**Student:** 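Submitted below is the structure of interest, expressed as structure tokens.
Every value quoted in this text rests on a predicted model; they were computed, and no experiment measured them. As the structure lists them, so they are numbered: ligands from 1, and atoms in each ligand from 1.
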Amino acid sequence: MDLLEYQGKQYFARYGIPVSPGGVADTVDEAVAVAEKVGYPVVIKAQVQVGGRGKQGGIKLANNVDEVREHAHFILNLVIKDRHGNGYPVRRVWVEKASDIAEEYYASFTLDRSAKKHLGMLSARGGVDIEQVAATEPEAIAYIRVNPSEGLSEATCREWVQAANLNPKAEDGAVAILLSLYRCYTEGDAGLAEINPLILTPDGKVHALDAKVSLDDAAAYRHQEVWNAFEGLEPHDERERAAAEKDLQYVGLEGSVGIIANGAGLAMSTVDIVNQVGGKPANFLDIGGGANADRMVDALTVINDDENVQAIFINIFGGITRCDEIANGIVEAMQRVTLRAPLVVRLDGTNAVEGRAILQANQSDRLIMQPDMLTAAKKAVEIAAKN
Ligand code: GDP
Ligand code: MN
């Protein structure tokens, strides 16, 4: 689960990392109420899971109530794009007391899998894209690799801060924050905990002006309280939310060919092949192993709710899952769900012959079987283009 900025800040605050006082708002009036409470000037910030909000008008300073109204109205009607061009409509803003900035730094922890250690990155060049700093000024980033069984000592942390050449005035504050950041990253089973920018104020205080925290879904059971606090608040893609409730691995895309495959690898290849033959996938959906009729109904229901879908490509390679079971599942699912688009099915692997026979017996212009992945992809794209 990726936390929104304000959730990340609430999470940081639990570990004593200083953040600015503020509150969330879903309407202009709520934004005004928060601003009046924290005092001017305030910063109004779009809450979406995308970086670079500032450049897209998603972060604005307001000096008085009129400016809060104007900027909150603007930002709440904004659609912020990620680097792939996907749009995220802003449904919520975070309004916080504006900070005076003397310097902007970058700090993060992630996992370095090959070193089997936690990787800390710290730079005096903050507030900008860290990939850009890494590319143009690699020496401006100080790295630290922490053995998880040893942890991060204060002495090591201080050496790291010194290596990053932060302003000496920021040293004590940065050390304290980084030790806390390490704790919240490890104790929370996070995959990423990032502060960009971490700022030094003119009066010598260090604090987090942004927060990016990604918590490992597989460890959710260890942090029930944290998950209950933050889950469901994310203004997700509606389709992704519905799919997650059904335990399906689903990612919404912008195209017209709905995709169901078993296994993440095959699902990705299916997305690729649809693109390759000139189509646009509507989604990525991994139905997983043991795809029975109920799971097929769930998967088809999620895809069916996407009004862009003009054809549905089911690509199954039977392993432990048998193709005859899948075929029965598809036939049963078609009786239970009224599909908005025809199905194109490719079945291969365990019991493929039996599975194909079942589909053959039920073939129509709504259920089209194809012998292999490429032909099936072409057929699905052709149907989607026609409709
Ligand atoms: P991002 O663009 O999505 O990463 O959003 P950030 O929260 O990192 O904000 C982007 C930039 O806006 C920061 O690097 C700051 O330069 C500026 N900014 C954000 N909050 C404040 C604030 O309270 N005061 C001032 N002066 N600038 C701010
Ligand atoms: Mn940022």
Side-chain angles (χ1 to χ4, degrees), residues 2-13 17-25 31 34-35 37-64 67-68 71-72 74-76 78-84 86-110 121-134 140-141 166-167 170 173-174 177 181 190 192-214 234-235:
D2 294 333
L3 301 187
L4 290 163
E5 174 197 0
Y6 79 89
Q7 297 172 324
K9 284 180 168 170
Q10 289 170 352
Y11 190 54
F12 283 171
I17 296 176
V19 292
S20 309
V24 290
V34 176
K37 201 165 125 198
V38 300
Y40 298 97
V42 294
V43 177
I44 304 173
K45 309 182 78 174
Q47 296 302 292
V48 286
Q49 318 276 19
V50 189
R53 294 164 297 169
K55 284 178 223 146
Q56 298 187 53
I59 295 176
K60 290 193 183 293
L61 187 79
N63 290 300
N64 53 52
E67 290 183 7
V68 171
H71 297 324
F74 177 83
I75 295 174
L76 283 165
L78 206 58
V79 177
I80 295 193
K81 292 211 164 123
D82 67 12
R83 60 181 81 187
H84 307 294
N86 299 317
Y88 291 71
V90 179
R91 301 201 180 89
R92 177 168 282 185
V93 292
W94 166 251
V95 181
E96 74 174 26
K97 180 120 181 112
S99 303
D100 286 332
I101 303 176
E103 295 184 14
E104 299 190 67
Y105 307 135
Y106 173 94
S108 71
F109 284 102
T110 52
M121 290 167 68
L122 180 63
S123 176
R125 305 270 180 280
V128 292
D129 207 351
I130 195 67
E131 279 93 12
Q132 204 176 313
V133 178
I141 304 174
L166 309 188
N167 188 321
I177 288 174
L181 189 65
L192 169 72
E194 180 190 81
I195 307 176
N196 186 25
L198 175 71
I199 61 159
L200 173 67
T201 62
D203 56 357
K205 296 204 175 66
V206 183
H207 91 247
L209 214 58
D210 193 6
K212 197 165 169 190
V213 177
S214 178
E234 298 169 85

**Student:** Could you go step by step and tell me if S123 and I130 meet the side chain to side chain contact (heavy atoms under 4.5 Å, CB included) rule?
**Tutor:** CA-CA 9 Å; S123 176; I130 195 67; 4.3 Å; yes
**Student:** Any donor-acceptor pair under 3.5 Å linking the side chain of Y105 with the backbone of N167?
**Tutor:**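 Pair found, side chain donor or acceptor close to backbone of N167.
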**Student:** At less than 2.8 Å, how many protein N/O/S atoms surround the Mn ion (ligand 2)? Leave waters out.
**Tutor:**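 Protein N, O or S neighbours of the Mn ion (ligand 2) under 2.8 Å, waters not counted, come to 2.
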**Student:** Return the minimal non-hydrogen interatomic distance between L192 and T110, and the atom names on each side.
**Tutor:**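 In terms of heavy atoms, the two residues are closest at CD1-CG2, 3.2 Å.
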**Student:** Looking at every heavy atom in both L209 and S99, which two are closest together, and how far apart are they?
**Tutor:**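 So the minimum-distance heavy-atom pair works out to CD1-OG, 3.4 Å.
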**Student:** Can R53 and Q47 be said to form a side chain to side chain contact (heavy atoms under 4.5 Å, CB included), step by step?
**Tutor:** CA-CA 9 Å; R53 294 164 297 169; Q47 296 302 292; 3.6 Å; yes
**Student:** CG/D210 to CH2/W94 distance, rounded to the nearest 0.5 angstrom?
**Tutor:**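 Going from CG on D210 over to CH2 on W94, the span is 12.0 Å.
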**Student:** Report the C-alpha separation of I195 and F12 in whole Å, then their side-chain angles, then the decisive distance to 0.1 Å, and conclude whether the side chain to side chain contact (heavy atoms under 4.5 Å, CB included) test is met.
**Tutor:** CA-CA 10 Å; I195 307 176; F12 283 171; 3.6 Å; yes
**Student:** Could you pull out every protein residue that has a heavy atom closer than 4.0 Å to ligand 1, ordered by chain and then number?
**Tutor:**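 Under the 4.0 Å cut-off, ligand 1 touches V43, K45, G51, G52, R53, G54, I59, A98, S99, I101, E104, G127, N196, P197, L209, D210.
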**Student:** Which residue, K45, Q10, Q49, forms the side-chain hydrogen bond (donor to acceptor under 3.5 Å, both in side chains) with E5?
**Tutor:**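 Of the listed residues K45, Q10, Q49, the side-chain hydrogen bond (donor to acceptor under 3.5 Å, both in side chains) partner of E5 is K45.
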**Student:** Strictly below 4.0 Å, N to O, side chains only: are K55 and D129 in salt-bridge contact?
**Tutor:**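 Not counted as a salt bridge, because no side-chain N and carboxylate O are separated by less than 4.0 Å.
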